[in-house]
Each structure stands twice: as structure tokens, then as C-alpha cells.
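Comments concern the structure below.
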Amino acid sequence: MDKIHLLSKISIFHELPVEALQALDSLTLTKHVQKGDVFLSPDDNINTLYLLKKGQVRLYQLNAVGKQFTVDILGSGNVLSEASALSEQKNFLYAEAMTDTMLCVLSKHDFKKFMSNHPEVAFQFITLLTKRLNDVYIMSQKIALEDVKYRILYLLLRFAESPSDKEWAKIRYRLRHQDIATMIGATRETVSNTMSQLKKEHLIKSGMSLYIHTYKVHHLLETRGISS
DNA sequence: GCATTAAATCCCC
DNA sequence: GGGGATTTAATGC
């Protein structure tokens, strides 16, 4: 698949005409990273924007004793290292490729210039970042106020594929219990325990991938007065 | 309710 | 087959 087509799949560039995509294409470099590679660290002084063309990336932080906190998992069409690309802030997250991943790299200078020529991109960008910020706000509220069971359910709802007219919604990422644990501030064992409990309650099921019973879960959260 | 520890079992390279 | 991931159980706060 050609690069320009892939660029159009990046959500903030969705609506751009072909000429604009071609102009953008000439400004970017393609980078491949393998599954498991940590390709960004807090100490990196990068000054670039990464466009995630293909793959799955986990953003996380480390504390002094090496425990991880996963801030977000991003799929194709997303952007990362926006703090370094937009402001004078340093990158403060680790980025790990959860699958083999293809990225486009765009310098801060070129990105700013491109945005001023295409204000609609700036608007899309703000929309995307605001949505992500909201997700993090809500997750921190869940971690502070809810039990592990409801933190997991909230997380899975967030990662469930959207056309959920079916009873069971598929979870869009391949998540290990370890990944879930680092996102909700619990141990892997507690996640395992809680997940098997949720299976017994028929709120989730696993086959080739993980599924969540959106109707039951929404109902459960409502009756408990938890916003979802 | 959850972390911790430990031991058993599962799964994939 | 072996190492990582998951599961289960016991115990303590």
C-alpha cells in the first residue's frame, strides 16, 4: 500500500486533499520498529511528531522501583510524541511497539508549518488530543474511586469495537493481563482473578480474542451509578 | 478488597 | 522443551 494512502488514514489528516497529502509525504521519513522495541524514552530529545501508520503502541511511565503505568495504547491512525512536536516540553513517556509497527516521522518545524497552511489539521489535532486527555482524566477517576472489577470493565468498554449492535463487542487490541494491570493500577494476579470472575458472570468471554457483553455491562454500571 | 507469595498449569517460539 | 504468561490458592493488612 502506498505511503500517501496510509497518511490519509492518520486521523488528523483524514479530510486532506491528495495534493496536501503529497506535500506532507515529502516531509516525512518512514521508520519500522519490531514488536517489543522501546523506541522512545523520557530522556530522548526528539522534536518530532510520530504518525502511527500501522501497528500498536503502548505509552507508559516507570517509577523508581521499575513499576510501569500505562497511560494509553494507540492503534493505527494515531499520533504520538505530540508534546515534543507542539511545545517546548520534553517527551516524558516510554513508547513500546506491541506489534511490528510502521511510523512516519515529521519534524517539529515541518509540522508547525504544515499546520499553519492547513488550519483544519490543527483543529483535528486538538480534537484528537482533547479526546485522549478526557480518557486519561476518566481513568484516573476510576483508579481513585472504583474497585478493580469496574476499572477493568471501563477499560474494556473503551477498547471495544464501536458497532456494538451485537450483544458481544470485540476488544480491539490484543491485551495481556499484564497490560491491563499496568493500565488500571492493579497487579497481574488480581487482574487474572477478576477476569475469571467476570467470565463466570458472563460479562466477558474469550475465544480468538476478548469480548465484552456491552448490554449487561452498561446495565450493571448504571445500576451502580457509575458513569461510563 | 487487594497485594503478596508460591506453586501449578497453560501456551507459544 | 523451555521460558514467559496465566491461573489458583493461601495469607495478611
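All chains are named by letter (A, B, ...) in the order of the sequence lines, taking the proteins before the strands, and each is independently numbered beginning at 1.
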Would you say the side-chain atoms of A/Thr48 and A/Lys108 include a donor-acceptor pair closer than 3.5 Å?
-> no
Of all nucleotides in DNA chain C with an atom under 4.0 Å from a non-hydrogen atom of chain A, which is the first and which the last going 5' to 3'?
-> C/dA5 to C/dT8
Mark yes when over 12 heavy atoms from residues, nucleotides or ligands other than A/Lys170 sit less than 6.0 Å from its NZ; otherwise mark no.
-> no
Atom-pair distance ([atom1] on [X]; [atom2] on [N]), nearest Å:
| X | N | atom1 | atom2 | result |
| --- | --- | --- | --- | --- |
| A/Ile180 | B/dC2 | CD1 | P | 15 Å |
| A/Arg224 | B/dG1 | CZ | C1' | 12 Å |
| A/Arg188 | B/dT9 | CZ | P | 17 Å |

How far apart are the C-alpha atoms of A/Lys149 and A/Leu198, what are their side-chain angles, what is the distance that settles it, and do they pass the side chain to side chain contact (heavy atoms under 4.5 Å, CB included) test?
-> CA-CA 8 Å; A/Lys149 175 178 173 180; A/Leu198 292 173; 3.9 Å; yes
May I ask you to list the residues of residues 189-199 of chain A, by number, that have any heavy atom positioned under 4.0 Å from an atom of DNA chain B?
-> A/Glu189, A/Thr190
Without swapping roles, check the side chain of A/Thr99 against the backbone of A/Gln56 for a donor-acceptor pair under 3.5 Å.
-> yes
DNA chain B: A/Arg174 or A/Val148, which has the more 5' nearest nucleotide?
-> A/Val148
With A/Arg151 as the cation and A/Tyr154 as the aromatic partner, state whether NZ or CZ is under 6.0 Å from the six-membered ring centre and within 45° of the axis.
-> no
Of A/Phe13, A/Tyr50, A/Phe125, the residue whose pairing with A/Phe111 passes ring-ring contact (aromatic ring centres under 6.0 Å, His included) = A/Phe125
